[in-house]
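Atoms within each ligand, like the ligands themselves, are counted from 1 in listed order. These numbers come from a predicted model, not from an experiment.
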Amino acid sequence: MVCANAVAEHGFAIIPNVFADEEVKNLIENLNRLNLVRTRAGLRHGLKHPEIAALAQDPRLLHVASKLLNDRALPFRATVFDKSPTANWLVVWHQDTALPLRKRRNVPGWGPWSVKEGVVYAHAPACALSKIVALRVHLDDSTPHNGPLRVLPGTHMLGVLSDDEIHNLANCIAPFDCVVRRGGILAMRPLIVHSSSKSRVDAARRVLHLEYTASEFLAEGLELAIA
Ligand SMILES: O=C(O)CCC(=O)C(=O)O
């Protein structure tokens with residue numbers, strides 16, 4: 001079930017049928033019951049909700065994450081991406097380079113800094129980002145029509161890229177649409193260049209995006225916040 005070679009080579013892999021339909025239904029019901037303060041695209045800082053924190057500790061997810069990290073796996077951030085007819089959005093090509101940290105500390109290679117919903121963030125260097133893996137749990141089928149995540153395979157190996165470099169890569173690498181059935185997982189490295197389009201249909205496309213690392217200390221004196 002774990003495709004560490006595919007993730008190492010391409011920066012992503014799809015693992016189908018990890019959660020049964022009933023488990024996904026329960027998770028959606030739990031999420032619906034929470035009084036979520038959401039952004040337009042979904043919800044940040046999901047690990048403060050016990051239901052989401054418990055899912056992040058699911059042995060199946062920890063097993064996949066620790067195989068990909070080749071070490072233990074600690075969940076440190078959860079984001080719900082909720083694309084629907086009432087909240088239809090797109091994201092342009094980018095890499096995930098901002099990390100939540102406990103405290104601001106000026107360390108070479110880290111920054112610029114910002115604060116989102118009370119949590120301190122810094123853009124991180126490639127050496128820190130290479131120690132992270134994300135597992136995206138699909139709460140709905142993602143299809144070619146409802147704005148699936150789209151990736152540029154292999155770009156996770158190119159380090160932190162400028163906007164111009166990302167733009168040029170998007171013009172010369174064929175994108176791959178990560179179509180994943182409900183209950184399946186997409187494993188991805190944060191540095192893979194990715195985007196998603198607006199949905200063209202009425203079907204919702206909800207994803208729980210969980211990030212894992214082996215240690216909260218990614219650099220001298222910088223500790224990840226659990227967010
Ligand atoms: O779920 C999506 O469509 C976008 C996800 C994304 O942009 C991200 O993880 O940074």
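At least one side-chain heavy atom of L55 sits less than 4.5 Å from a side-chain heavy atom of L210. Taking 4.5 Å as the limit, some side-chain heavy atom of L139 sits within range of a side-chain heavy atom of L31.
Formation of a donor-acceptor pair under 3.5 Å by the R189 side chain with backbone atoms of I132 is found in this model.
The single protein non-hydrogen atom nearest to atom 7 (O) of ligand 1 is H94 CE1, 3.0 Å, given as residue, atom name and distance. Residue, atom and distance of the protein heavy atom nearest to atom 5 (C) of ligand 1 are R136 NH1, 3.5 Å. Nearest to atom 3 (O) of ligand 1 among the protein's heavy atoms is S196 OG, 2.6 Å.
For the residue pair H194/D96, the side-chain donor-acceptor check at 3.5 Å is satisfied.
With a heavy-atom cut-off of 4.0 Å, R206 does not touch ligand 1 at all. Only the side chain of L149 comes within 4.0 Å of ligand 1, counting heavy atoms alone; its backbone N, CA, C and O stay farther away.
Hydrophobic cluster membership differs between I28 and V207, with clusters built from Ile, Leu, Val, Met, Phe, Trp and Tyr side chains linked at under 4.5 angstrom.
Here is the list of ligand 1 atoms found below 4.0 Å of a heavy atom in D96: 8 (C), 9 (O), 10 (O). Each of the following atoms of ligand 1 lies closer than 4.0 Å to a heavy atom of V91: 4 (C), 7 (O). Residue H194 approaches ligand 1 through these ligand atoms, each under 4.0 Å from one of its heavy atoms: 6 (C), 7 (O), 8 (C), 9 (O), 10 (O). When each atom of ligand 1 is checked for a heavy atom of H209 under 4.0 Å away, the hits are 9 (O).
Residue contacts with ligand 1: W89 is placed with no nitrogen or oxygen under 3.5 Å of a nitrogen or oxygen of the ligand (distance criterion only).
Atom CG of residue D21 and atom CZ of residue R182 lie 4.5 Å apart, to the nearest 0.5 angstrom.
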Could you check H209 against T79 for side chain to side chain donor-acceptor pair (under 3.5 Å), going step by step and ending with a plain yes or no? CA-CA 5 Å; H209 185 114; T79 312; 6.0 Å; no
